[in-house]
There are 4 protein chains.
Amino acid sequence: MTLDHQVADLSLAVAGRHQIRLAEHEMPGLMALRAEYGPTQPLAGARIAGSLHMTVQTAVLIETLTALGAEVRWASCNIFSTQDEAAAAIAVGTGTPEDPQGVPVFAWKNETLPEYWWAASKIFDFTDENGQPIGPTMILDDGGDATLLVHRGVEFEAAGAVPPAPAEGDADYTAEYAVVLDTLRQSLATDPQRWTRIAASLRGVSEETTTGVHRLYQLAARDQLLFPAINVNDSVTKSKFDNRYGIRHSLPDGINRATDVLIGGKVAVVCGYGDVGKGAAEALRGQGARVIVTEIDPICALQAAMDGYQVATLDDVAGSGDIFITTTGNRDVIRARHMVAMKDKAIVGNIGHFDNEIDMAGLARVPGIERVEIKPQVHEWIFPEASETAQTTATEGGERRSIIVLSEGRLLNLGNATGHPSFVMSASFTNQVLAQIELYTTDVDADGEPGVHVLPKVLDEKVARLHLEALGVELTELSKDQAEYLDVDVAGPYKSEQYRY
Amino acid sequence: MTLDHQVADLSLAVAGRHQIRLAEHEMPGLMALRAEYGPTQPLAGARIAGSLHMTVQTAVLIETLTALGAEVRWASCNIFSTQDEAAAAIAVGTGTPEDPQGVPVFAWKNETLPEYWWAASKIFDFTDENGQPIGPTMILDDGGDATLLVHRGVEFEAAGAVPPAPAEGDADYTAEYAVVLDTLRQSLATDPQRWTRIAASLRGVSEETTTGVHRLYQLAARDQLLFPAINVNDSVTKSKFDNRYGIRHSLPDGINRATDVLIGGKVAVVCGYGDVGKGAAEALRGQGARVIVTEIDPICALQAAMDGYQVATLDDVAGSGDIFITTTGNRDVIRARHMVAMKDKAIVGNIGHFDNEIDMAGLARVPGIERVEIKPQVHEWIFPEASETAQTTATEGGERRSIIVLSEGRLLNLGNATGHPSFVMSASFTNQVLAQIELYTTDVDADGEPGVHVLPKVLDEKVARLHLEALGVELTELSKDQAEYLDVDVAGPYKSEQYRY
Amino acid sequence: MTLDHQVADLSLAVAGRHQIRLAEHEMPGLMALRAEYGPTQPLAGARIAGSLHMTVQTAVLIETLTALGAEVRWASCNIFSTQDEAAAAIAVGTGTPEDPQGVPVFAWKNETLPEYWWAASKIFDFTDENGQPIGPTMILDDGGDATLLVHRGVEFEAAGAVPPAPAEGDADYTAEYAVVLDTLRQSLATDPQRWTRIAASLRGVSEETTTGVHRLYQLAARDQLLFPAINVNDSVTKSKFDNRYGIRHSLPDGINRATDVLIGGKVAVVCGYGDVGKGAAEALRGQGARVIVTEIDPICALQAAMDGYQVATLDDVAGSGDIFITTTGNRDVIRARHMVAMKDKAIVGNIGHFDNEIDMAGLARVPGIERVEIKPQVHEWIFPEASETAQTTATEGGERRSIIVLSEGRLLNLGNATGHPSFVMSASFTNQVLAQIELYTTDVDADGEPGVHVLPKVLDEKVARLHLEALGVELTELSKDQAEYLDVDVAGPYKSEQYRY
Amino acid sequence: MTLDHQVADLSLAVAGRHQIRLAEHEMPGLMALRAEYGPTQPLAGARIAGSLHMTVQTAVLIETLTALGAEVRWASCNIFSTQDEAAAAIAVGTGTPEDPQGVPVFAWKNETLPEYWWAASKIFDFTDENGQPIGPTMILDDGGDATLLVHRGVEFEAAGAVPPAPAEGDADYTAEYAVVLDTLRQSLATDPQRWTRIAASLRGVSEETTTGVHRLYQLAARDQLLFPAINVNDSVTKSKFDNRYGIRHSLPDGINRATDVLIGGKVAVVCGYGDVGKGAAEALRGQGARVIVTEIDPICALQAAMDGYQVATLDDVAGSGDIFITTTGNRDVIRARHMVAMKDKAIVGNIGHFDNEIDMAGLARVPGIERVEIKPQVHEWIFPEASETAQTTATEGGERRSIIVLSEGRLLNLGNATGHPSFVMSASFTNQVLAQIELYTTDVDADGEPGVHVLPKVLDEKVARLHLEALGVELTELSKDQAEYLDVDVAGPYKSEQYRY
């Protein structure tokens, strides 16, 4: 039994196993893949380095990968998102065929940044039967941190350069970037070809999110992509399900657990009307909030208007909202100046991706501001009585005005609640498993340079199909005549590539 | 400082005080009453025996009552609903004018039934300046347990009878009723005129819920009501707000915290389409569930159909729902035979009032059934492999079929989450405070026998008015001409008594 | 065959008969009453003077009354609302038992005010078997015009006074009131005891609307009510169905037929959030509009906010709405100053009751304004290029700004579309028939002065029950135990009188 | 003035002109194009053969094309959809710069099939300054009939073959196809190279609908496409706006005008959950119907379930629906066997594309069936009392069971109402005008064989942008930093090609 996991103890593991068993019931796609592919073991010999929120649902994903033959190592892709009992249950082997000896898991709730990047680095340390280091065959990534580490590592190794140590004030300094470089510096000191070796063994990466996919397309556009990538995010059954329906569920869940504040009757400002924003707006309206949307894309803005939402700029509505949610994947969406202008006890949270959607650093720099922890992941930021930036911060009662920030600006559904529910993750993760099989069993870049690919539509439809029975859906079958009329196969795929669902 | 409270310790109290401060921001009605009535102390000299879920919101209610001059003693009206930090914060005096010495609180999360009824009994034990027993002037009740205790106590005292000790199998036996009688037996042994004295000192009771109000009208109809009652439940700003909008918020919150199961795409069966059922159905639909309603009242059934819901009988849909919620105030709504017929992992919860909406006793009697605690207030009931009552309980995978029951059939929003949010309770509790003032300062039964009264419409409108500014509502004012045309006063009330909102 | 009806011609009648047949399918309540009461003829000998929009649905009502034995005379209660083919079909007898000789109908689309009041007067002119005048036994009223005529008639006859002829500028002058007095003056000239005789023969009136009911309560409060009244409007199955669900249907229908303008994405301002306003807001939101509500009642305003609508004053939002709908029953809700401030091509309509909700007279007085008929019941009011009241009326393109007014400020669902659909009218009219039976067969004022009554709840529930099967509703039946627990009869009624649905 | 139009008379034209003026206010995209491109006349010299529903909105499109310099000839693409007053207004020149001499329009409401195809043929007959025949430079097509005519014409001309005259019973016989061949036979008889010449002059076609686009991709896949095509349908601002939001508006409008039946509380079956189906389901739910969806595509089916709809097969629910709407683009979606199984007075309509979605021919073949015209485009099909195909067709009352079919199975929003509203068509038609400019001013097939293209995303965003101001949308602008972070231009386009909106 591997014992890498800090929190691995038996009672946590037992609690986690319980939850995993219940989650399996809600993840029919993954269970169907186990049934379909278990016998043929298409991932036998595969070594998968996984970096994705270490939740109960991810546990079912991990155990599906191992059930299909893979060897797996895992870290979380967010310092707050690990559910310790899930990590424990996975780390502690149960001796069953699916989980003979436990999976090395490097993740716990509330990591520091150095711990986080240490964990991200550890998932690559597979060993062969002789205990010798051997690279992973695939990365399963969420947000692209694991992929980033390999690419920056190879870059420094190729240049023979020591990663610099940027200081506050440098142009490219962020606290996190300094830690990344630190991690790489240590790695190079130990083994100057480690990342080059790892990259060579990789058949590819499957990426979960908009943000990570965006990074991959950038790399590909600059011819810097080191191995093929499958863009899982843009499977319809991912982007239109997890992003939208998952958020619809987990956004109010996160707000509720964090604040217990009535959403009904409140003015909620949703920044961004992509799939995540659409799910967020629908959820808040479904709870009786009046939703205002901010957008930079005229098409999404028009959709928001046609769906009945007011579309305004944050500068105009910062003073009238009660709840502010970022969903953009962009940076600096809510700035310090917006937060200074907000009503007393306004709630601010991010459900997009990185924590730079809300300018937490800028908020912390407001002169005289005070930060009080209400409970873990819920902080009250109390403005000074009067300052240049905020002239009237006192409420009528004379108390100092404050705002409530969730999860310190990181993903609130993971930080304040338990993330997306199992069913919606089942659709996303079924795509992930199919993508890992594609990467391992086919040559996805047969015809050229490493590129970024989406799964073929027929697999996308398969993912959907595996989730219908659980919802009691009765699908109609095309007759042969109808299929001919539409010029499609009776078994699909049914739509052209332009189709947007 | 009174130290009756088992869990009263300072760190809990500090945490509770934090939450109370944030809740005050969400309870503008109560804060406005403190501002309006604090100077004149209309409740000076009043002694209030309170029995209502001991939550953070109730803490704000209690401190509003004391801010208006009352002396208060408190118990919860549900064995699971106390938030210990709120109880602690109230019990531990802060030395401020609103809370000079702490309020005696007899409540903690997860009471036993004997503890519960002991606590209900303790709230009546006021003492005068000489430390002599003195009765309360008012009861503030939720569900009617405190009122019941007085009425049954007086009944036994008048009859000079010793309360019997019913045994299982007796016609009127329930576990709880046996405890009630036990409590009264002890009381009579100590002081055979205690309840008679208490009843004599009471100017009245204000009652919070449909269930409690129903008991009061029954007592009044039988000429057995011992003191006047104000029916707070039927204030529009209570029944149409707390019952509906509170449930809309706290039902999905409770389901989420308990199960983390995706509500979207599921079939949710809501038993009852009164105000609670309307809020429940709206919330579940807002999360993307397909809602089926069951009803016994043709008018409510027609409303459900017109609102786009399927209306069916539970016998017909027990096998096709994923989530079942009772909202009726009736008993035996979900019976053992229904639960036996449910799909694997169906979720069953009650958000009505008493725990007899779901026949938990019947479920426990299913031969061979097993109960596993997933976590506190979440239990899996696993059916035997085959039995007379449930011939095919195995799932496809061969595992035994099970269902998930929330809060052991008691109120799931209180047991699995934190109950209604502050804002909605502010409307309800503002009615409560106005009702207590009415009972204490006016003779509500001036013209006859003790009766059950609703607050005058103008006070109902006042409660609404006190909550508008917080939601950014701009109210239009009637012109004098318009008021004349409508035959109302410019200041209200605006509607006839028949009006249903 | 009676030939009172101006437009009665056979081809119209045939078309109307077709529509009546289809409407019968959508009016299960009325058809069930024919089946239940046809054999016993409870209205045999009754003479009913009806004043209610002469639509296809009303035709099914009229033929239900005659099928139960009544003799009926009919006028519309709105100058625009008659569907001529329905009037024709009813006026032209078909020789069947339900309609042996036609019903005298005095109604056509687009009446003048004098024609309207002439018609209202004609419905009282029953004759006995000898052709002698005989008064009606009941009025079936909508808005109270027929009832008003009798009361004012009796008043003038009692005073022996000749109704005055008010002139423009007099305090109580309105164009319509002048016509009413004119009508009465003619009647008194012919027969100085006509109204006194009619009043004497009346057993009562059943009234359909909020507005009419309000007048009745005013009369009763002043002890001026001449005969008992049944308030049909406040049956739950009327006010909560017709007012809400009927409007939800017929408001967008009216806007669409009148303007063909996309509702989605528009800002719609709904004045009033009673039942009619609730239905209006739901319909507009359902079409993707952003709805802003105006309210004077704090309770309704709070409901609107909790339902997710912005609540503002018309003065604040007159310049930002695209569609303005009045639903209040009040006067001067949209004033000329509001209309002058509106955006180019803003749409203004009334779905409340009287045409004084929108100050059409004030609009017509805006100096330089022009009125262009786009099509019947749709008028463009074009503002002058510049004036004191509206300084900048030109649009960017230099054209003069204008607004679109529907149905000249009268009920737009009747003027621009076909009114409420049959099913919803079936609920209302089933109440009307039951009320007429109550008035005719029982002494509703047995215990005192003429008063205003609502139908007993058990009849209200009956109306609902008769409409469930058509919607596929399966009602649950209370067990005897449950009924006992709730203290109700298994057959209902199920709710207390305070219950608001 | 050209007088090709049968119904062109002045009073119709005046009414049409009124409506066109009001529609212009609702078509900000087209008006903005006139302002932007009017001065440079990018379509000067272009000859456009248009085949698209001849409505008021199309009139604004036509006048935008002429305002940009084009010469235009027009036919409708549906025998029922022409609004005669719009056709008249366009056909009758007003002498203004935009409309100097009228546009030849070949369209009227209720064409026969031979008239329809005659009209489709006439739009190609441009003449040069000498009156000599000259081919069009572009087709603007809706559904592909104009494009089909050219392709089949060229095919027959190339083969030197006379189009056959298929008879009923032949494999490829349909009534319509026989007329097409007839039309071509006449054309070839007159001029055996007409279509070849027309094809040679064409720079391309822009196609409006899913159906037409599908045909184009088929032609391109078989290398039979004779000229480039721009797929307007798959612009986001077309498929996600017109298809969804247009249907949301015009579906209930069509049902209401046709039947006046209450939609609330009814069971509505929507066949297909593409964009049209999504809009249909939303509209019907918004009116309080309970919507059941049928689907063949598992992804769309999963979306429907997640949006809270039941997904079933038509065979299972044919007997329980009240309203049936096809939205698929497929054939034989509702078959005779389904209609035979429907409830009495069920309503059946098509809002997809061709009239073969509902098997009208099969319905007409039910032995003993009778067809009664309720009003134009609304027919009752009355089943025989008993037959093999429908054993129990009598209703309880003993009447024969019937269903109501809208627009004879053709597009009900055009046949029973006035089609999509102007605003939504403005988005679609702004795409059309931009596509026509692209075809005329650029070589869209610069790099190869004639293909099918979509408009560049930046034009798609431009279309959206032109419609925001009218809805009061305030768009946020990206900062330079943010744009860099996202790797996009501040001015857009903002999304990757995979993005689905």
Side-chain angles (χ1 to χ4, degrees), chain A residues 244 248 251-252 255-256 259-270 273 277-295 297-314 316-325 343 345-347, chain C residues 244 248 251-252 255-256 259-270 273 277-295 297-314 316-325 343 345-347:
Chain A
R244 174 163 188 180
R248 181 177 68 182
L251 170 62
I255 296 172
N256 286 347
T259 70
D260 285 316
V261 160
L262 179 70
I263 295 173
K266 295 289 198 306
V267 175
V269 179
V270 173
Y273 201 66
K278 286 177 174 75
E282 185 186 350
L284 293 164
R285 174 184 276 183
Q287 276 290 304
R290 176 155 64 90
V291 176
I292 301 175
V293 168
T294 75
E295 248 302 342
D297 182 321
I299 297 179
C300 297
L302 187 52
Q303 289 185 306
M306 295 301 287
D307 290 344
Y309 300 110
Q310 182 179 355
V311 183
T313 65
L314 193 51
D316 284 350
V317 299
S320 50
D322 298 295
I323 300 171
F324 294 84
I325 304 297
K343 287 164 67 175
K345 305 286 179 294
I347 295 166
Chain C
R244 175 164 185 178
R248 181 178 69 183
L251 171 61
I255 296 174
N256 286 346
T259 70
D260 285 316
V261 160
L262 179 71
I263 295 173
K266 295 290 198 304
V267 175
V269 179
V270 173
Y273 200 67
K278 285 176 175 75
E282 185 185 350
L284 294 165
R285 174 183 276 183
Q287 277 291 305
R290 176 154 65 90
V291 176
I292 300 174
V293 167
T294 76
E295 248 302 342
D297 181 321
I299 297 179
C300 296
L302 188 51
Q303 288 185 307
M306 295 301 287
D307 291 343
Y309 301 110
Q310 182 179 355
V311 184
T313 64
L314 193 52
D316 284 349
V317 299
S320 50
D322 298 293
I323 300 171
F324 294 83
I325 303 297
K343 288 164 65 175
K345 305 284 180 294
I347 295 166

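Chain identifiers are assigned alphabetically (A, B, ...) following the order of the sequence lines, protein sequences preceding nucleic acid strands; residue numbering begins at 1 within each chain.
- Contacts of A:Leu262 with chain C are made by side-chain atoms alone, with heavy-atom separations under 4.5 Å and no backbone atom involved.
- Every residue meeting the side-chain hydrogen bond (donor to acceptor under 3.5 Å, both in side chains) condition with A:Asp260, not counting sequence neighbours, appears here in chain and number order: B:Arg257, B:Thr418.
- Taking each heavy atom of A:Thr294 and A:Thr313 in turn, the nearest pair found is CG2-C, 4.2 Å.
- Residue C:Ile292 holds its CD1 atom at 12.0 Å from CD1 of C:Ile323, rounded to the nearest 0.5 Å.
- Of all heavy-atom pairs spanning C:Ala280 and C:Leu251, the tightest one is CB-CD2, 3.5 Å.
- A:Lys278 places a side-chain N or O within donor-acceptor distance of the main-chain N or O of A:Tyr273, the cut-off being under 3.5 Å.
- Interface residues of residues 299-311 of chain A toward chain C, defined by a heavy-atom distance below 4.5 Å and sorted by number: A:Ala305, A:Met306, A:Asp307, A:Gly308, A:Tyr309, A:Gln310.
- Of the inter-residue distances, the one linking C:Asp322 atom CG with C:Ile263 atom CD1 reads 11.0 Å to the nearest 0.5 angstrom.
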